[in-house]
Number of protein chains: 2
Amino acid sequence: MKPRVPRMNDQESAAWLGLTTMFSLLPVALDRQLQRDSGLTHFEFVVLSRLQLSPDPTMRMTALAEASVSTLPRLSHVCGRLEKRGLVERSPCPEDRRATNVRLTTDGRRELIRSIPGHIATARRLVIDALTPEQLDALTDITNTINARLTEDRTP
Amino acid sequence: MKPRVPRMNDQESAAWLGLTTMFSLLPVALDRQLQRDSGLTHFEFVVLSRLQLSPDPTMRMTALAEASVSTLPRLSHVCGRLEKRGLVERSPCPEDRRATNVRLTTDGRRELIRSIPGHIATARRLVIDALTPEQLDALTDITNTINARLTEDRTP
DNA sequence: ACCCATTACTTGTCGCGTCAACCAAACGGG
DNA sequence: CCCGTTTGGTTGACGCGACAAGTAATGGGT
């Protein structure tokens, strides 16, 4: 069955063009700043952040993957690199011997904290400070709505 | 000088989290659908689209790079692949012998047109149809504002 | 007329992410 | 108490993109 999807009108096209343009520019900009100033990719930054924010000092790979909006293979690779650089440590989980626990090392926490101000400054300069409070609220609603669709699309 | 950037408040954090979550999910989703159904990456799709939309049947690399929100190296690589697959053709520009002209082949146009309905359907399902008209307008404003900052940030 | 800077693009390298395949442990029905 | 299935994670291969470096043509200043 081919349910004939309607073309986009001008209003829809404008939104779509703005959106696609944004996400071909924004990730690159974030990666550039973090890489240049802190030697971290944005995703590495997110992983370290989620680890630090966790109430429990150690997290399972699956939980960390979920928290950092990623996949297990991707997380596994990046944890391998981060471990080599001494920023995280992995240890087998005693309760479930299939599982792996990850935790932030002292070096990892230090590097993360060092990198935060520059990252926040960039996020403010490029996005947050450019928007009005009403736009911030609107953006939250919009992204939450879209993200709901995206997450249910992830696992068919 | 270190002008002490303020932390984010709850409103700002919510918007930022929503945004970062979205652009770690959306590009993957678009690539997946296009790759599966049409053997194209989203960026390849954009390149072909811009070529087809051009009033002139042929475009300079620089113009195409700008239109597809990309860089010259990236575009050069992807044009190489697309040319190998017979979807585009490159020829030296007669007026400026440094320049290269790209144009869509018949096969390229056909493949593009084949791929459009599925792509639009995905864009609708994941984004457009999830939003109200007011949200679409808001999204256009927001992304245009951010994109302005991003583009001026690109070339310091 | 010459030279240096700029423009236009290409190429190579490297690192990251996706996917598929794999392994091992735990579960659960018969 | 098995044995098939599900869950948790790792690994390898491959492709794409960023960046840096290189080439070639153009143009602007003197």
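Computed from a predicted model, the values in this text were never measured in an experiment. Because only heavy atoms are used, hydrogens play no part in the values below, and waters and symmetry mates are left out as well, while side chains stay in. Every chain is numbered from 1, with letters handed out A, B, ... down the list of sequences.
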Whole angstrom is fine here: how far is it from [atom1] in [X] over to [atom2] in [N]?
| X | N | atom1 | atom2 | answer |
| --- | --- | --- | --- | --- |
| A:Met61 | D:dT7 | CE | P | 18 Å |
| A:Arg60 | D:dT7 | CZ | P | 14 Å |
| B:Asn101 | C:dT10 | CG | C1' | 16 Å |
| B:Arg36 | C:dT18 | CZ | P | 16 Å |
| A:Leu40 | C:dC16 | CG | C1' | 14 Å |
| B:His42 | C:dT18 | NE2 | C1' | 18 Å |
| B:Lys84 | C:dT10 | NZ | P | 13 Å |

Just jot down the side-chain contact (heavy atoms from CB on, under 4.5 Å) partners of [X], sequence neighbours excluded, or say none.
| X | answer |
| --- | --- |
| A:Glu134 | A:Thr132 |
| B:Arg50 | A:Leu17, B:Val46, B:Leu64, B:Ala67, B:Ser68 |
| B:Ala14 | A:Thr140 |

ring-ring contact (aromatic ring centres under 6.0 Å, His included) against B:Phe43, all qualifying residues, sequence neighbours excluded
none
I need the full list of salt bridge (Lys or Arg N to Asp or Glu O under 4.0 Å) pairs touching residues 109-122 of chain A, with sequence neighbours left out, sorted by first then second residue.
A:Asp107-A:Arg110
Does the pair A:Glu66/A:Arg60 count as a salt bridge with the N-to-O cut at 4.0 Å?
no
Which is true for B:Arg90 with a 4.0 Å heavy-atom rule: it touches a base, it touches only sugar-phosphate, or it touches nothing?
sugar-phosphate
Tell me what B:Ser76 touches on the nucleic acid: a base, only sugar-phosphate, or nothing, going by heavy atoms under 4.0 Å.
base
At under 4.0 Å between heavy atoms, how does the protein contact nucleotides 13-25 of chain D? Give one character per nucleotide, 5' to 3', with B, S or -.
---SSBBB----B
